[in-house]
Every structure is written in C-alpha cells, then in structure tokens.
Amino acid sequence: MYLKTIHLRQFRNYQDQKVEFSAAKTILVGNNAQGKSNLLEAVELLATLRSHRMARDRDLVQEGEDIATINATLERQIGEIDLTLTLRRNARRSVALNGESVRRQMDFLGVLNAVQFSSLDLDLVRGGPEGRRNWLDTLLIQLEPVYAHILQQYHQVLRQRNAFLKKSQDSPPTNQHTEQLAIWDAQLATTGTRVIRRRDRAIQRLAPIAAAWHSSISGSTENLQIQYAPNVPVVPDHPEAVQPAFLAKIQQRALAELYRGTTLVGPHRDEIELSINQTPARQYGSQGQQRTLVLALKLAELQLIEEVVKEPPLLLLDDVLAELDPSRQNQLLDAIQDRFQTLITTTHLSSFDSQWLKSSQILFVKSGEISFPASLY
Ligand SMILES: Nc1ncnc2c1ncn2[C@@H]1O[C@H](COP(=O)(O)OP(=O)(O)OP(=O)(O)O)[C@@H](O)[C@H]1O
Ligand SMILES: [Mg+2]
C-alpha cells in the first residue's frame, strides 16, 4: 500500500497542510518541537485510531479550535481509497471512507496499515506490562480489525463489573448480589476468552519471526523468546479450555476480589515476557541489546502484517534511526528497501547514508508548516 497524500487541518500544530509523498522513503527534517512526530501520529491514527502517545482527542485538536481533520489518499491493490478522521474537542470522533461516513470503527481499521517505531518503544522492554499489552493490542487491531470491537466489549464489561464490586464492598453480600455477580462473571469470561485466544494466536505467529530477526541482527549470538503469559492459563492446542479456566479462577479469587473491590482475573492483567538467552530482557545486557530486541519486534510486525494483509504496511520511524549504530541501521534499511513505504523523522540529515538521501523525498518541517525544497544540492 502507498500513501499518496495527507491533508491535516487544525490537527496539533498544523493549521492547514497538504503533503504529497513522491518516493518510497520520505525524510522529515526539522528542529525539536516543529511538528515532525505530529505528522507521523496523524498517519498512526488513520491506521489504528490510536496514538501511542496516549493523547486524548482534545489534545489532538489545535489549541483554540473545535475540530481537526486528517484526510489521506491511499493506493491499495483494490484501488485508491480516501480516508478521513474527524476529531472534536467536545464530542465523539467520526470516520469516513471515500467521503461516506462509516459507523463502525472496525470497518475503518485495516484500510491503512502502519508500524510505528519510536524511542518510546524502548519502553516495551524496560516498562511495565501495560505497555506490552497495548503494543500487542495495537498490532492485533491491524491484523484483525474485529479485535477492536472485542477489546472494547471486554473493557466495558470489566468497568461495569469493577463498579459492581466496588459498590458491593459497602454492603453485605445477599442472594441478589450473588446472582448479579454471576452474570458479570459469565460476561467477563466470554469476552475475556476472546481477547486471550487472539492474543495467544498473535504471539504464536509473531514469536518465531521476531526470533529469526533477532538472531540475524545479533549475529546468532542471542536467542530471543517471546512468550504470552496470560493471567488465565492457556493450554496449548486446547482453546476451548480457556473459558472454564477463566470461570474457575474467578471462583478462586472471589474473596480477594470482594475485599479489594476490583477484578483480579482476566486479560487486563496479562503479561508478554521478552527474554534473551533465557534471561528477562529487562535485566539482560545493554541498551544496545534492548534496542536490537525492539528492532526485531518491529521488523516482525512489518512481516506479519504483510503476511496477513497481503500488502506491505507503512513504516513510521520517529527519531530512531540515528539512535541505532551503523550496522543495525543497515540491517533495518536492507530489510525495508523500497518494499515498505517509510516516513522518517530526524533533526539532522547528516546521520543518513548518502545513497539513501538521494533516493528519498526530503521535507522540511518548521512550526507546523512543511516545505518542499526545490533542490538540496
Ligand atoms: N493541540 C495542539 N495545538 C497546537 N499545537 C500543538 C498541539 N499539540 C502539540 N502542539 C505543538 O506541537 C509541537 C510538537 O510537535 P512534535 O511533537 O511533532 O515535534 P517534533 O518536531 O517531533 O520535535 P522533536 O524533534 O522534539 O521530537 C509543540 O510545539 C507543541 O506545542
Ligand atoms: Mg518528535
């Protein structure tokens, strides 16, 4: 797939900016705080309807305005598609395809696919489990857009069940309480099981691809293992066993849940374990090695999305290229070649290989405006 144009209106620090992408690689260069990451964030929003910066819609809309729009034309094998996301300061966002409004988010997701790689991704190794769950969920949304709906249903049940448990803390359990809780338990297990099974499947497919990349980048000296560690145990090859296990664990933890007034069982407490040579990657080795791991994860995401979607996704590299040493830079560039359309942000062009610069489109970003240099040389 190829992103031909993007048009930002009142989005972050962009007032009204149209960009035409004219090469497989685009380098956005500019000083700090000019709008480079904002542009990548706009593409990410079209792909996932999420921002890895966890921004709220009112942060995305330009200060002093009520509405922001992101509009793009994308070329896919089936033809050209026009995507529009409208964000509002005080109301719900809406989406449209080819000018027609789309009611269900999942019909919009999966049209544009993109893998985002920024320095924040290093937190995948160093940070807490929530970041890893978010990462996996964002990938799953692109692999199977229906997952966005599944996840939303789970979170809705979880919120309601939590509210119920919290309320019950103040009053002694009655029969009516037990019956009501049993209904929430069943819904939690049903919706949660769907989340668990999909996460399990995704990790099973991703892990060997990431391990292969990791071994190739590290020169076969390191063995990367990615393991799904669900809060409710999954028995290999027995997906039907998840739901009963879920309900059994809820029973086990019933007293603790009443006491704590919150749901202690379910995929909102899952972990994805990353280890190198049998040691948790967080403890293992240098920042450079952790960077290798994240690079392997990102390359695996690209490859898996391409396998599933049957078209190469976009790659958004936010400030990370300069952080990689020359050999890892080359590994990444070799893997991308011209197959994946890539948008790269940087503060300095000097960190790029000259061959690479020649074949790239270079755009200057300054205070929310993008200029197209007539010639660099
Ligand atoms: N809702 C908004 N309205 C107006 N301006 C905003 C809004 N949100 C962010 N900005 C501005 O956008 C700028 C940051 O843009 P961005 O994060 O894209 O910078 P960058 O070019 O990637 O910089 P760096 O090199 O530091 O990563 C800041 O000046 C910030 O004030
Ligand atoms: Mg930035």
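Both ligands and their constituent atoms are indexed starting at 1 by order of listing. Start at 1 with the first residue, then count along the sequence.
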Over 12 foreign heavy atoms within 6.0 Å of CD, Glu369: no
From CA spacing to verdict: salt bridge (charged side-chain N to carboxylate O under 4.0 Å, His left out), Arg197, Asp200: CA-CA 5 Å; Arg197 285 169 58 169; Asp200 185 39; over 6 Å; no
Gln337 atom CD, neighbour heavy-atom count above 12 within 6.0 Å: yes
Asp319: numbered ligand 1 atoms lying under 4.0 Å from its heavy atoms: 27 (O)
More than 12 heavy atoms from other groups under 6.0 Å of CD on Glu20: no
Shortest protein contact, atom 26 (O) of ligand 1 (heavy atom only): Asn32 ND2, 3.1 Å
Under-4.0 Å heavy-atom contact with ligand 1, by part of Val61 that carries it: backbone
Residues, nucleotides or ligands: over 12 heavy atoms within 6.0 Å of Asn175 CG: no
Residue Lys36 vicinity, atoms of ligand 1 by number, heavy atom under 4.0 Å: 18 (O), 20 (P), 21 (O), 22 (O), 23 (O), 24 (P), 25 (O)
Enumerated ligand 1 atoms positioned under 4.0 Å from heavy atoms of Asn38: 12 (O), 13 (C), 14 (C), 15 (O), 16 (P), 17 (O), 18 (O)
Nearest neighbour in protein (non-hydrogen) for atom 4 (C) of ligand 1: Arg12 O, 3.3 Å
Enclosure of Arg76 CZ (heavy-atom neighbours >12, cutoff 6.0 Å): yes
Ligand 1 contact on Arg53 by region, counting heavy-atom pairs under 4.0 Å: side chain
Aromatic plane relationship, His177 with Phe164 - under 30° parallel, 30 to 60° tilted, over 60° perpendicular: parallel
Numbering as shown, the atoms of ligand 1 that approach Asp59 to under 4.0 Å (heavy-atom distance): 1 (N), 2 (C), 8 (N)
Under-4.0 Å heavy-atom contact between protein and atom 31 (O) of ligand 1: no
Which of the ligand 1 atoms, numbered from 1, are nearer than 4.0 Å to a heavy atom of Gln34: 19 (O), 20 (P), 21 (O)
Min heavy-atom dist Asn31 to ligand 1 below 4.0 Å: yes
Numbered atoms of ligand 1 (with element) below 4.0 Å of Gln62, judged on heavy atoms: 1 (N), 3 (N)
Atom CD of Glu240: over 12 foreign heavy atoms under 6.0 Å: yes
Partner set under salt bridge (Lys or Arg N to Asp or Glu O under 4.0 Å) for Arg50, not counting sequence neighbours: none
Within-cut-off N or O pair, Gly30 and ligand 1, under 3.5 Å: no
Approximate separation, where rounding is to 0.5 Å, of Ile362 CD1 and Leu349 CG: 5.0 Å
Inter-residue atom distance Leu258.CG - Leu165.CG, 0.5 Å rounding: 6.5 Å
Proximal atoms of ligand 1 relative to Ser37 (non-hydrogen, under 4.0 Å): 17 (O), 18 (O), 20 (P), 22 (O), 27 (O)
Sub-3.5 Å N/O-N/O distance, Asp318 and ligand 1: no
Candidate with minimal heavy-atom separation from atom 5 (N) of ligand 1, of Thr346, Asn13, Thr347, Leu28: Asn13
contact_flag Gly35 ligand 1 heavy-atom lt 4.0 Å: yes
N/O donor-acceptor pair under 3.5 Å between Gln289 side chain and Ser286 backbone: yes
Point-to-point distance, once rounded to the nearest 0.5 Å, from CG of Asp137 to OH of Tyr147: 3.5 Å
Sub-4.0 Å heavy-atom approach of Val365 to ligand 1: no
Selected option - heavy-atom contact closest to atom 19 (O) of ligand 1, from Ala33, Ala55, Ser119: Ala33
Ligand 1 atoms in contact with Glu63 (distance to a heavy atom under 4.0 Å): 1 (N), 2 (C), 3 (N), 4 (C)
Metal environment of the Mg ion (ligand 2), protein N/O/S under 2.8 Å: Ser37 OG
Residues, nucleotides or ligands: over 12 heavy atoms within 6.0 Å of Tyr2 OH: yes
More than 12 heavy atoms of other groups within 6.0 Å of Arg201 CZ: yes
Rounded distance (nearest 0.5 Å) linking atom CH2 of Trp184 with atom CD1 of Ile250: 12.5 Å
